[in-house]
Protein chains: 2
Amino acid sequence: MSESPLIEDRCRPLRGAEHRLDAPQIIALLKQLDGWEIVNERLHREFRFADYKSTLLFVNAVAWLAERENHHPDLEVGYSRVMVAYSTHDVGGLSRNDFICAAKIEALTSL
Amino acid sequence: MSESPLIEDRCRPLRGAEHRLDAPQIIALLKQLDGWEIVNERLHREFRFADYKSTLLFVNAVAWLAERENHHPDLEVGYSRVMVAYSTHDVGGLSRNDFICAAKIEALTSL
């Protein structure tokens, strides 16, 4: 597994349980993120916005990133909030790709 | 309450429990819709798409309608599916506005 900082890494195709992160790996990677937590075995964070247009534009920015990395989160979209949840179907749990995308979304909102 | 067909109606500001629909009214309005159901006291339908881009473009079309009608659904967005759920916070349940927007989304997908 790459040891480069998450934010500098890119998603790559991962398939099979050998790419599934174990608890110590998850704990270590969570330390590189801010505000993300594990909920129902998904990497999860809520983002809040002033109005619906801002909310929807954020959804589109996340979607652009999802397409570029070919890794797509589940989104729950309300009037002023978006819940982002990553997991990796092809490994049956969490993979490094989930954390890479979380770091990139975090960076996006900090621009 | 207006008796015009849902699709010809427009959302208007509704506030207070007197605008909350009762069960017979809900059943009558559901007959004007196709594929919608009541789940957890919300008017609910899943839409499926071939790929993520189509999914996200549908989200944007729904958002455009939501802004125009000033009535915003909750959305659950996956890779190839969107769950749309309407309710009306200001009446504490379902209002005619939820059914108007559902009819318009249905019409949108039938264009």
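Predicted, not measured: the structure shown is a model, and the values here were computed from it. Throughout, a chain's letter reflects where its sequence line sits, starting with A, and its residues are numbered from 1.
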Colleague: Mind checking the OH-NE2 spacing from A/Tyr52 to B/His71? Nearest 0.5 Å is all I need.
Modeller: 11.0 Å

Colleague: If you count heavy-atom pairs within less than 4.5 Å of chain A, which of B/Ala63, B/Ala66, B/Gly78 leads?
Modeller: B/Ala63

Colleague: At what distance, to the nearest 0.5 angstrom, does CG of B/Leu56 lie from NE2 of A/His72?
Modeller: 8.5 Å

Colleague: Determine whether A/Asn60 and B/Asn60 make a side-chain contact, defined as any pair of heavy atoms from C-beta on separated by less than 4.5 Å.
Modeller: yes

Colleague: Examine B/Leu33 and B/Leu94 and state if one hydrophobic cluster contains both, with Ile, Leu, Val, Met, Phe, Trp and Tyr joined whenever side-chain heavy atoms are less than 4.5 Å apart.
Modeller: yes

Colleague: Return yes when atom CZ of A/Arg15 has more than 12 non-hydrogen atoms of other residues, nucleotides or ligands closer than 6.0 Å, and no otherwise.
Modeller: no

Colleague: Hydrophobic cluster membership, with links at side-chain heavy-atom distances under 4.5 Å among I/L/V/M/F/W/Y: are B/Val39 and B/Val91 in one?
Modeller: no

Colleague: With the side chain counted from C-beta on, respond yes when B/Val77 and A/Val77 share a heavy-atom pair under 4.5 Å apart, and no when they do not.
Modeller: yes

Colleague: Count the heavy atoms of every other residue, nucleotide or ligand shown that sit under 6.0 Å from CG of A/Asn40, and state whether that count exceeds 12.
Modeller: no

Colleague: To the nearest 0.5 Å, what is the distance between CE (B/Met83) and CG (A/Asp74)?
Modeller: 10.0 Å

Colleague: Verify the neighbour count for atom CD of B/Glu41: are there more than 12 heavy atoms of other residues, nucleotides or ligands below 6.0 Å?
Modeller: no

